[in-house]
Amino acid sequence: MHWADVIAEDIAKNCEEPLIATGISPTGIIHVGSLREAITGESVRSAVKGLGKNVRLIYLIDSYDPLRKRYDFLPKEFEQYVGMPISNIPCPCGKHKNYAHHYVQPFLDAVDSLGVQCEIIWTHELYEQGLFAETIDMAMNKREQVIKILSEVTGKEENPNYAPYTPICSACGRFTQPIFETYEFPYIEYECTCGNRGKDDIREGKGKLTWRCEWPAKWKIFGTSAEPFGKDHAAAGGSYDTGVRIVKEIYDGVPPYPIPYEFVQLKGVGQMHKSLGSPVTGLDAINMTPPEVLNYLFLRVNPSRAIDYDSGMGVLDMADEYDRMERLFFEGEYTEAEEDSVRAYEIAQHNRTPEKLPNQISCRHLVNVAQMAPTFEGVLEILKRNGNISDMTPAETKRLARRVECVRYWLNGFAPDIVKFSVCNTVPPGIELSMAEKAFLQALSVRLYDCIWDAETIGATIADTAKESPVGLKGGYSTLYRILIGKKSGPRLGNFLADMDKSFVVNRVVQASN
RNA sequence: GGGCCUGUAGCUCAGCUAGGUAGAGCAUCUGACUUUUAAUCAGGUGGUCAAGGGUUCGAAUCCCUUCAGGCCCGCCA
């Protein structure tokens, strides 16, 4: 049984209306790991849904987290915002509402394109609505107990200054240390390092719970029944462990069913990144992996398994595997070993499985076509000419367009040289042709000069000429590839040459034959 | 130091909480297709299941030990 179904059964057993929570802290640039979390959550959601339960997936954006430091990618002036909640910091590019929106937007776009069906919730709005007031009050009243729990679970010494809640300074706008003795619902006083002294009303959302107390507070508020989270939180003594005790002993709530997942490693194998020694970014992965394939990538293995994202040929391998599973799914016949992978394909559709097998144009094939045609229209034209596509539904066209975009992105920065080609301006230097090959080219040049310039005729002409020559069919093709793109193989010659200017091709063949 | 995960064919992984003669895909090799491609189809090669010990009639599968790799333990998934 697929892991998502196993988890779904466990959840469905204990809850009537399960709520699955997931989230992100958009303090900086996103990475694919965050997508693994979203996809894991969505997969469990759709698996639970499949069991007939009324299930929700909420996506919490931690927009009230403080900016911890001025990251390298931020301009100098952002130094002044360190310590402030990111929803109160201006957008670095000026096009978004604030800092949080700026960094979470590409991520939300990705989540959307992946088909994740969730309700977006902004944490800073929860605070503004006073939804955390009750848990803040409980955490402040039982602060000593919280400190004890933290110490017991983490094995560290008790920290008497631990603040479950930090108010925002009314003068400088940064989170600051409260004066615990002054707490009396709903007010707490604070003295900020900027010199300002003030009084905070915990109901007004001018402060936030700190992480180890905030997470369990969310469980309590939403009644979370399951939640995926990274292995960092899952480590013994980590925030899940402390959260379990805090939600039970401080908030009188129930901890969610944990779905810990391993991290995703991005290894740059493309020469561009390899030479620089810099890794593939999460955005790269999104840009070069079709969404349906990325979904499948995370679903095919257990969450407990680390994933090495292979940005080289692995991208194509994965896409091919996806297509294969899609075929198996619609054929309905597969081995036991393939069962979970086929199910992974199905879950990757998030309950929006196509009715019939969609038109599959493999990414591997698109790699060639995309290099022949610079535009999507051009790609479509070539595919139509080859009979690869006929009637396309809008959904199929959309998927194809996305695949072409991904393939181009991949070719641009990650693809190994063997799959790339470009037409050389002259006969590539260093090419040595045998007498037979030259004779072949000579004969071919004459026939090409007279032939009608369409793919079929060109193809037939080449095949006929090559067969009559001692170089043979295979040798003939290889010779042409060598003089045109400097490689031993390449895309189908008929269409390839038909796309080029006739005199250019003929001239090249003549030149090479001398 | 503590914790988690992983180690099965060249590569990516299934199989392991139903213990019963080693699996898939890709790669590679061979053959076919009178138009080629990292295309399609058919077939083949390929593994003492990290190592050692234990339980068992029987272990990749359960238990113990060791080795190797990855990662987490600072509110970074």
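Naming convention: chains lettered A, B, ... in sequence-line order (proteins, then strands); numbering from 1 in each chain. As a basis for the values below, the full set of heavy atoms in this structure was taken, side chains included, without hydrogen atoms, waters or symmetry mates.
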Protein-nucleotides 13-18 of chain B N/O pairs closer than 3.5 Å?
{"residue": "B:A14", "atom": "OP1", "partner": "A:Arg305", "partner atom": "NH1", "Å": "3.3"}
{"residue": "B:A14", "atom": "OP2", "partner": "A:Arg305", "partner atom": "NH1", "Å": "2.7"}
{"residue": "B:A14", "atom": "OP2", "partner": "A:Arg305", "partner atom": "NH2", "Å": "3.4"}

With rounding to the closest Å, how many angstrom separate the [atom1] atoms on [N] and [M]?
{"N": "B:C49", "M": "B:G7", "atom1": "P", "result": "14 Å"}
{"N": "B:G47", "M": "B:C63", "atom1": "C1'", "result": "25 Å"}
{"N": "B:C57", "M": "B:C29", "atom1": "P", "result": "48 Å"}
{"N": "B:G46", "M": "B:U28", "atom1": "C1'", "result": "9 Å"}
{"N": "B:G25", "M": "B:C62", "atom1": "C1'", "result": "30 Å"}
{"N": "B:A51", "M": "B:C33", "atom1": "P", "result": "45 Å"}
{"N": "B:U48", "M": "B:A22", "atom1": "C1'", "result": "12 Å"}
{"N": "B:A24", "M": "B:U17", "atom1": "C1'", "result": "24 Å"}

Say whether [X] and [Y], considering side chains only, have a donor N or O and an acceptor N or O under 3.5 Å apart.
{"X": "A:Ser434", "Y": "A:Glu437", "answer": "yes"}
{"X": "A:Tyr190", "Y": "A:Gln177", "answer": "no"}
{"X": "A:Asn88", "Y": "A:Tyr64", "answer": "no"}
{"X": "A:Trp122", "Y": "A:Ser87", "answer": "no"}

Report the distance from atom [atom1] of [X] to atom [atom2] of [N], rounded to the nearest whole Å.
{"X": "A:Leu484", "N": "B:U37", "atom1": "CG", "atom2": "P", "answer": "16 Å"}
{"X": "A:Asp241", "N": "B:G2", "atom1": "CG", "atom2": "C1'", "answer": "12 Å"}
{"X": "A:Met313", "N": "B:U37", "atom1": "CE", "atom2": "C1'", "answer": "12 Å"}
{"X": "A:Glu339", "N": "B:A24", "atom1": "CD", "atom2": "C1'", "answer": "14 Å"}
{"X": "A:Tyr481", "N": "B:A39", "atom1": "OH", "atom2": "C1'", "answer": "11 Å"}
{"X": "A:Asp464", "N": "B:U35", "atom1": "CG", "atom2": "P", "answer": "9 Å"}

Mapping A:Met318 and A:Ser304 to their closest nucleotides on RNA chain B, which lands nearer the 5' end? A:Ser304
Per-nucleotide protein contact string for nucleotides 71-77 of chain B, where B marks a base within reach and S marks sugar-phosphate only (heavy atoms under 4.0 Å, - for neither): BS-SBSB
For the residue pair A:Tyr81 and A:Phe78, categorise the inter-ring angle as parallel (less than 30°), tilted (30 to 60°) or perpendicular (more than 60°). perpendicular
Relative to each other, are the rings of A:Phe132 and A:Tyr127 parallel, tilted or perpendicular (30° and 60° limits)? parallel
Quick check: are there more than 12 heavy atoms from other residues, nucleotides or ligands sitting under 6.0 Å from NZ of A:Lys502? yes
Has A:Glu157 got more than 12 heavy atoms of other residues, nucleotides or ligands less than 6.0 Å from its CD? no
By the 4.0 Å heavy-atom rule, please label A:Ala460 as base, sugar-phosphate, or nothing. base
Would you indicate what A:Val367 reaches in the nucleic acid, counting non-hydrogen atoms under 4.0 angstrom: base, sugar-phosphate, or nothing? nothing
Among all residues two or more places apart in sequence or in another chain, which pass the side-chain contact (heavy atoms from CB on, under 4.5 Å) test with A:Arg300? A:Tyr296, A:Met318, A:Glu321
For A:Pro255, side-chain contact (heavy atoms from CB on, under 4.5 Å) partners two or more places apart: A:Trp219, A:Tyr240, A:Val244, A:Val247, A:Lys248
Under 3.5 Å for both pairing distances: what stems, at least three Watson-Crick or G-U pairs long, include RNA chain B? B:1-7 with B:67-73, B:10-13 with B:23-26, B:28-32 with B:40-44, B:50-54 with B:62-66
Under 3.5 Å, is there a donor-acceptor pair between the side chain of A:Glu346 and the main chain of A:Val342? no
Residues A:Leu126 and A:Leu60: closest non-hydrogen pair is CD1-CD2, 4.0 Å
Over all atoms of both residues, closest heavy-atom pair of A:Asp323 and A:Arg403: OD1-NH2, 2.8 Å
Write out a two-atom table: protein N or O, nucleotide N or O from nucleotides 26-31 of chain B, distance below 3.5 Å.
none

Between atom OG1 of A:Thr22 and atom CD of A:Glu227, what is the distance when rounded to the nearest 0.5 Å? 6.5 Å
A:Asp10 with A:Lys13: basic N within carboxylate O range, under 4.0 Å: yes
